[in-house]
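Written out below as structure tokens is the structure these notes cover.
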Amino acid sequence: MLNTAYEPPPNRPTSGQPLGNRRLNRWQNYLWGIAAPFICTLVDWPLRHILGPASILITYLLGVFLVASRYGRGASIIASFLSAPVFAFYFAHPIFSFAINDLENIIGLAVMIVVANVTSNFLESQHLQAALAKQREKRANALYRLSQALADAPDQQAVAIIAVNHIHEDFAACSVVLFADSNGQLHYPSARPLAHSLRGADLATAQQIYTRQQPAQLSPTAKTCYYLLERPQLIQGVLVIQANRTSGLGDREAVTFFDTFKNLIAQTLERLRLTEQAHKAKLQAETEALRNALLSAISHDLRTPLTHIIGASTALVESRGDFSPAEQLDFNKVILDEALHISELTSKILDMARLTTGEIILHREWNALEEIVGSALNRLEKNLGDRPVTICLPDDLPLLWIDAVLLEQVLANLIENVIKYTPPNSPMDISAERLAASITVTVSDYGQGIPKGMEEKIFAKFYRLESDSLQSGVGLGLTLCRAIIEAHGGTIYARQQSPGAAFVIELPAHQQPPLNWHEALDA
């Protein structure tokens with residue numbers, strides 16, 4: 001099977017310079033190698049009566065060393081071998097002759113040539129090691145930048161964009177990542193193509209490589225390369241690159257570097273796929289849990305009132321006038337109360353569905369908190385009975401920019417919780433406090449409180465404490481409260497107190513509207 005459709009030949013230029021520039025630089029280096037001995041001669045000639053032959057030879061050796069350090073081994077070899085005849089002609093007796101009669105000068109020249117060549121080879125090796133280390137550092141930095149960018153990629157399209165950008169930056173090549181649809185057919189990314197995106201890929205060839213049915217046979221001169229982005233579990237797609245002379249994909253180490261580059265992209269695509277699968281599995285599990293909780297709540301909280309309604313209505317139908325008017329009235333009250341209970345449960349479920357899907361629009365107006373609290377208490381006056389309620393609202397409390405109907409529903413739900421889960425004659429407090437940037441409303445009771453560690457969990461959908469099993473409800477009251485308060489930009493939380501528990505609502509404080517006294521007096 002075909003992983004890479006084409007691998008560039010090893011003799012392709014690997015630097016970022018064109019071939020013509022590289023040849024020109026090489027000839028310039030050789031010219032410096034030729035010029036170096038003559039430059040040393042110009043420096044030493046005025047000092048020939050002061051300096052001895054050994055000092056002059058060291059000068060030539062220094063010139064060869066400088067050429068080797070700057071222009072490479074080839075230029076230094078030319079300079080070292082050219083230094084011998086130049087020294088012999090100008091400084092060795094007899095001068096202006098290539099003959100050398102002094103054995104000391106002959107030995108000095110030989111030593112100079114040997115030292116110059118050894119030094120140049122050493123410098124060349126050091127330059128190659130430094131260049132190799134610099135290249136590896138550059139590639140390591142490129143892989144680090146790529147991994148950092150891929151770590152933040154949210155989806156396949158983002159990975160494709162990152163891959164195209166980094167391949168163009170590090171390899172000077174145009175590329176594109178082809179993904180398969182649900183039918184297994186490769187296609188270009190749906191996002192807008194970048195300036196350096198490749199649009200000339202052969203989809204038929206890429207499809208053959210992707211399906212591994214008919215591996216494409218490309219000629220060695222082909223410029224377009226097809227790479228499978230594959231992991232052990234699945235082939236993620238096909239990476240197509242259009243290489244050129246400056247792409248730097250000619251040597252084996254560059255190919256290994258690109259393979260690591262490609263594997264990082266494939267790993268990211270695999271991670272995104274597995275993350276999506278895990279998210280879907282988690283969502284499915286949560287949906288199943290919610291469905292089971294809803295069915296459990298409905299089976300318990302709707303079946304009981306329906307049973308009462310059926311029993312009372314059956315008794316009335318089959319009595320044939322055996323019951324007194326008072327008994328008939330009691331049966332009718334049972335039917336009415338249980339029907340209202342079913343209506344309340346259904347309304348909460350529908351309200352929760354609308355709030356979680358964002359379909360409820362807040363109808364905000366400026367409202368006084370004391371009016372909303374009073375309306376909620378009047379609404380539950382029958383259920384409160386003789387329960388003492390303490391209300392503590394500051395006189396300077398500002399108006400609230402809220403949906404009064406929904407906030408009244410929140411307070412009503414909190415008051416209902418106090419009625420359900422505290423003794424009948426247990427007191428209840430409702431207070432408010434003005435802070436710098438918010439207004440807090442607290443509903444507190446003096447019951448048994450909330451078990452430790454459950455302060456946050458009681459706001460979950462369909463969640464009820466074990467002690468709640470004797471109480472009616474589907475566990476949506478507090479969830480509705482949180483959804484409504486968060487829609488207003490506020491927060492709600494529960495806290496323990498001694499004794500009992502407190503539910504605290506924090507609403508943002510808005511700038512008060514200007515009050516027109518003339519309109520107020522006219523009204």
Side-chain angles (χ1 to χ4, degrees), residues 287-356 375-389 405 408-426 428 443 445 447-448 450-451 454 457-481 483-484:
T287 303
E288 185 68 17
L290 288 176
R291 186 183 69 85
N292 294 336
L294 178 59
L295 291 176
S296 176
I298 290 177
S299 64
H300 177 271
D301 294 293
L302 295 184
R303 182 166 51 188
T304 301
L306 284 174
T307 302
H308 292 166
I309 292 174
I310 293 173
S313 59
T314 302
L316 289 175
V317 171
E318 295 179 354
S319 65
R320 298 180 181 180
D322 294 339
F323 295 115
S324 64
E327 291 175 334
Q328 292 181 6
L329 180 60
D330 291 338
F331 281 118
N332 289 330
K333 286 182 178 180
V334 169
I335 295 174
L336 177 61
D337 291 341
E338 298 300 337
L340 291 175
H341 180 55
I342 292 176
S343 176
E344 179 185 359
L345 294 178
T346 306
S347 297
K348 285 185 178 181
I349 294 174
L350 295 177
D351 290 343
M352 190 68 247
R354 286 195 295 267
L355 282 173
T356 52
S375 178
L377 290 174
N378 290 333
R379 175 177 168 183
L380 299 172
E381 182 178 4
K382 179 181 176 181
N383 296 333
L384 285 170
D386 297 331
R387 182 186 298 269
V389 179
V405 176
E408 179 186 335
Q409 181 65 44
V410 171
L411 292 176
N413 288 348
L414 297 179
I415 294 171
E416 282 182 344
N417 277 351
V418 175
I419 296 173
K420 288 180 180 179
Y421 305 122
T422 59
N425 296 325
S426 177
M428 175 177 59
V443 178
D445 59 57
Q448 296 180 353
I450 303 171
M454 296 294 179
K457 196 170 184 179
I458 57 177
F459 289 94
K461 292 180 182 178
F462 307 113
Y463 179 80
R464 296 190 301 168
L465 299 174
E466 293 181 0
S467 58
D468 296 356
S469 57
L470 299 177
Q471 300 292 340
S472 61
V474 292
L476 283 177
L478 293 179
T479 309
L480 273 172
C481 292
I484 293 172

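- The line from CD of Gln409 to CG of Leu411 is 9.5 Å long, rounded to the nearest 0.5 Å.
- Taking OG1 of Thr314 as the start and CD1 of Ile309 as the end, the distance is 11.0 Å to the nearest 0.5 Å.
- A distance of 9.0 Å separates CG of Asp445 from CG of Asn417, quoted to the nearest 0.5 Å.
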For Glu416 and Asn413, run side chain to side chain contact (heavy atoms under 4.5 Å, CB included): C-alpha distance rounded to whole Å, both residues' side-chain angles, the deciding distance at 0.1 Å, then the answer.
CA-CA 5 Å; Glu416 282 182 344; Asn413 288 348; 3.9 Å; yes
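- By the side-chain hydrogen bond (donor to acceptor under 3.5 Å, both in side chains) test, Thr422 pairs with Arg387, sequence neighbours left out.
- Not a single side-chain hydrogen bond (donor to acceptor under 3.5 Å, both in side chains) links Ser313 to another residue, sequence neighbours left out.
- Interatomic distance, OG1 of Thr479 versus CD1 of Ile484, reported as 11.0 Å (0.5 Å rounding).
- Scanning all heavy atoms of the two residues, the minimum distance from Gly447 to Ser426 falls at N-OG, 4.4 Å.
- Summarising the geometry, atom CD1 belonging to Ile310 is positioned 10.5 Å from atom CD1 belonging to Ile335; distances are rounded to the nearest 0.5 Å.
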Could you give me the CA-CA distance, side-chain angles and deciding distance for Val389 and Ile415, then say whether side chain to side chain contact (heavy atoms under 4.5 Å, CB included) is met?
CA-CA 10 Å; Val389 179; Ile415 294 171; over 6 Å; no
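- Counted within 6.0 Å of CD on Glu327, heavy atoms from surrounding residues, nucleotides or ligands total more than 12; the atom is thus considered enclosed.
- Under the rule for a side-chain contact (heavy atoms from CB on, under 4.5 Å), the partners of Asn383 that lie at least two apart in sequence or sit in another chain are Leu380, Ile419.
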